[in-house]
Protein chains: 2
Amino acid sequence: MAANKEPRLGDVAARAGVSVATVSRVLNNRGYLSEATRARVMAAIDEVGYQPNEVARSLLSHRTGTVGLIVPSVAIPFFGEVAVHIEDALAQHGLRPLLCNSYGRADRERDLLRSLVGHRVDGIISGAHNDQLAEYATLRRPVVTIDRELAPHIPNVRADNEEGGRLATQLLLDHGARRPVLLTSRSHERNLRERGYRGVLAEAAIEPLVVAVDFNLPEPERTTAIMAALDSVSATMDAVFCTDDLLAATALEWAHRHRRDVPGDVRVVGFDGTATMRRILPGLTTIAQPIADMCSTAVRLLVEQIGQEPGAEPTPVPAIALPVTVVEGRTA
Amino acid sequence: MAANKEPRLGDVAARAGVSVATVSRVLNNRGYLSEATRARVMAAIDEVGYQPNEVARSLLSHRTGTVGLIVPSVAIPFFGEVAVHIEDALAQHGLRPLLCNSYGRADRERDLLRSLVGHRVDGIISGAHNDQLAEYATLRRPVVTIDRELAPHIPNVRADNEEGGRLATQLLLDHGARRPVLLTSRSHERNLRERGYRGVLAEAAIEPLVVAVDFNLPEPERTTAIMAALDSVSATMDAVFCTDDLLAATALEWAHRHRRDVPGDVRVVGFDGTATMRRILPGLTTIAQPIADMCSTAVRLLVEQIGQEPGAEPTPVPAIALPVTVVEGRTA
DNA sequence: CTGAAAGCGCTAACAT
DNA sequence: ATGTTAGCGCTTTCAG
């Protein structure tokens with residue numbers, strides 16, 4: 001195994017017979033250089049296989065080129081896809097994500113934040129699900145959230161969840177459902193997908209029926225809970241709008257176990273529409289979030305904040321909601 | 001937005017009325033300290049909300065506390081799960097992963113490696129799929145691969161793929177299949193899952209039937225290609241062993257479209273058995289890789305290499321193959 | 001027990 | 001056009 005000693009600027013300088021400053025200049029393409037020395041330095045650089053030490057550069061520039069990416073778990077298809085697109089968008093700005101899985105635990109997220117600040121990340125993109133962590137307020141670092149309202153002054157990018165809820169519910173009604181139930185992870189005022197669902201049902205004068213199963217329950221409790229929740233409304237409903245595709249998958253399994261035909265006996269619509277999910281369950285009818293757009297937007301907002309670094313005016317950026325699309329499958 | 005100026009050691013020192021050296025000592029718990037000053041410094045530390053600058057520490061210690069994690073894409077369930085477990089295992093050693101998606105492109109992987117070395121990551125864990133990138137040989141940095149033979153001296157952790165191939169194939173035969181086809185992403189001598197498949201068929205005196213569809217084809221070409229591949233063997237086969245669960249999902253869709261009952265007309269077995277996949281397609285019969293074990297083993301090997309840093313004896317670590325398990329679903 | 005000072009690898013004045 | 005030097009924020013001898 002090669003000795004772990006990377007060549008330094010001085011090694012290149014010595015080799016090229018110039019000073020470190022000169023090497024630094026050709027590296028950063030700054031100031032006046034004679035073609036001759038530039039060439040000589042270039043040669044020396046790849047003779048010794050020199051690669052600038054970004055750590056040293058960071059110390060001076062106060063920029064590490066890294067961004068903390070916090071998600072509940074990249075094993076969840078939605079966040080896996082988010083991670084890919086974020087990484088891609090960051091790369092276009094010469095940034096790399098430090099991956100953090102919070103598992104939905106507030107304590108872990110707190111530790112992660114400390115660690116990221118310690119590493120002096122240039123910014124943080126948070127898609128975690130713990131609402132309102134006070135720590136974010138005192139971070140002294142640019143933050144952008146994905147599908148999560150953290151605080152009024154923190155930019156938030158998300159899909160148009162309420163419209164998505166409306167589209168899903170309307171689609172079920174259009175296909176003949178009379179009693180669509182909402183299966184979600186947390187039912188509350190600010191659940192916009194739920195609000196869309198309730199809105200459409202109100203117009204249609206249909207009584208809403210909501211069942212909730214906590215997103216962060218461990219398996220197999222979660223699956224059991226979902227099954228039980230569906231059992232509890234089984235007699236009265238003829239369709240399910242699931243606020244994410246994973247719930248929808250379990251709803252399909254529930255129907256299968258109960259010999260209920262989909263969409264004949266019960267219609268199912270999901271939410272998220274990740275590429276992976278559509279590959280695994282191509283038949284699933286769902287509402288697709290514009291993940292790639294959301295991610296490039298989030299990165300753009302973050303980079304803008306990083307750009308005006310010091311402590312400039314907050315440039316008010318309200319929540320940005322991007323349009324969703326209906327993916328017609330054969331489950332609704 | 002708060003000014004992006006983190007407090008420095010000097011700020012704490014001034015506040016506590018001591019020198020920076022003393023603050024450094026309490027931070028690192030080194031040398032002799034009077035309880036009085038220690039307490040005073042501690043107080044000062046959290047009065048100013050001090051958080052050590054890891055960048056500066058890294059410059060001195062030659063350790064960044066970061067590890068490059070290269071995978072084709074965390075949006076792929078297997079690699080998403082790998083990423084989660086790697087992050088978890090790294091965290092136990094105070095390390096964080098810098099996430100890199102190679103999309104299976106060798107040129108991108110080359111760039112990623114350069115960038116990671118530039119960032120002076122403490123090590124690299126590679127689960128990417130481009131075989132034999134020469135760059136790895138000259139990395140001067142600890143490397144461990146997951147499910148990938150890079151070079152004889154680079155430790156590799158993987159599932160017992162050949163045994164998995166055998167188990168899958170045997171299971172199909174046991175369930176009555178007479179002509180199981182292998183659907184894989186690349187057919188060749190060193191495809192161990194394929195070797196297991198061929199081995200069992202040889203014993204049973206059944207002619208193997210292999211169709212391959214490149215893993216890195218973009219959608220929707222890939223799905224089309226898989227469908228076509230299955231069409232091409234449709235008449236002669238009665239079962240499919242897919243070398244990953246994504247292929248299996250598409251095989252199920254193929255059967256659905258052709259009104260072929262599963263497992264009545266055609267039996268399907270997959271490979272990987274990630275938690276996510278099992279949640280989405282709980283009925284799928286598959287061979288589960290011990291992902292958590294593989295990841296903690298990979299991290300352990302990496303940390304050992306990092307520990308003996310300089311350029312010590314390579315401590316020969318042959319490929320480690322961990323046992324797989326059969327997940328009985330209802331597709332075989 | 002604590003402080004002063006050197007230096008990690010690099011960039012940016014300031015000289016020459 | 002190129003070299004010298006002073007830090008970036010921290011740890012670590014070496015003094016005291």
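Just so we're on the same page: letters track the sequence lines, and every chain starts at 1. Not measured: the values here are computed from a predicted model.
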Take atom [atom1] of [X] and atom [atom2] of [N], then tell me their distance rounded to the nearest Å.
{"X": "B:Gln51", "N": "D:dC10", "atom1": "CD", "atom2": "P", "value": "11 Å"}
{"X": "B:Asn28", "N": "D:dT11", "atom1": "CG", "atom2": "P", "value": "5 Å"}
{"X": "A:Leu60", "N": "D:dC10", "atom1": "CG", "atom2": "P", "value": "14 Å"}
{"X": "A:Arg30", "N": "D:dA1", "atom1": "CZ", "atom2": "C1'", "value": "16 Å"}
{"X": "B:Glu6", "N": "D:dG9", "atom1": "CD", "atom2": "P", "value": "11 Å"}

Quick check for you: name the first and last nucleotides of DNA chain C, 5' to 3', having an atom under 4.0 Å from a heavy atom of chain B. C:dC1 to C:dG9
Could you tell me whether a side-chain N or O of A:Asp122 sits under 3.5 Å from a main-chain N or O of A:Thr64, the two making a donor and an acceptor? yes
Do any side-chain nitrogens or oxygens of B:Tyr50 fall under 4.0 Å of OP1 or OP2 in D:dC10? yes
Report yes if at least one side-chain N or O of B:Ser24 is closer than 4.0 Å to OP1 or OP2 of D:dC10; otherwise report no. no
Sequence neighbours excluded and cut-off under 3.5 Å, please list the side-chain donor-acceptor pairs for residues 89-96 of chain B, or say none.
| residue | atom | partner | partner atom | Å |
| --- | --- | --- | --- | --- |
| B:Arg96 | NH2 | B:Glu87 | OE2 | 2.9 |

Considering only heavy atoms and no angle criterion, is a donor-acceptor pair shorter than 3.5 Å present between the side chain of A:Arg25 and the base of D:dG3? yes
Any base atoms under 4.0 Å from B:Thr37, or only sugar-phosphate, or nothing? Heavy atoms, all strands. sugar-phosphate
Could A:Asp111 and A:Arg105 be called an ion pair, given the rule that one side-chain N must be under 4.0 Å from one carboxylate O? no
Check A:Arg141 with B:Glu6, please: is the shortest side-chain N to carboxylate O separation under 4.0 Å? yes
Could you list the donor-acceptor pairs under 3.5 angstrom formed by side chains in residues 72-85 of chain A, with sequence neighbours left out?
| residue | atom | partner | partner atom | Å |
| --- | --- | --- | --- | --- |
| A:Ser73 | OG | A:Ala75 | N | 3.0 |
| A:Glu81 | OE1 | A:Ala275 | N | 3.3 |
| A:Glu81 | OE2 | A:Ala275 | N | 2.8 |

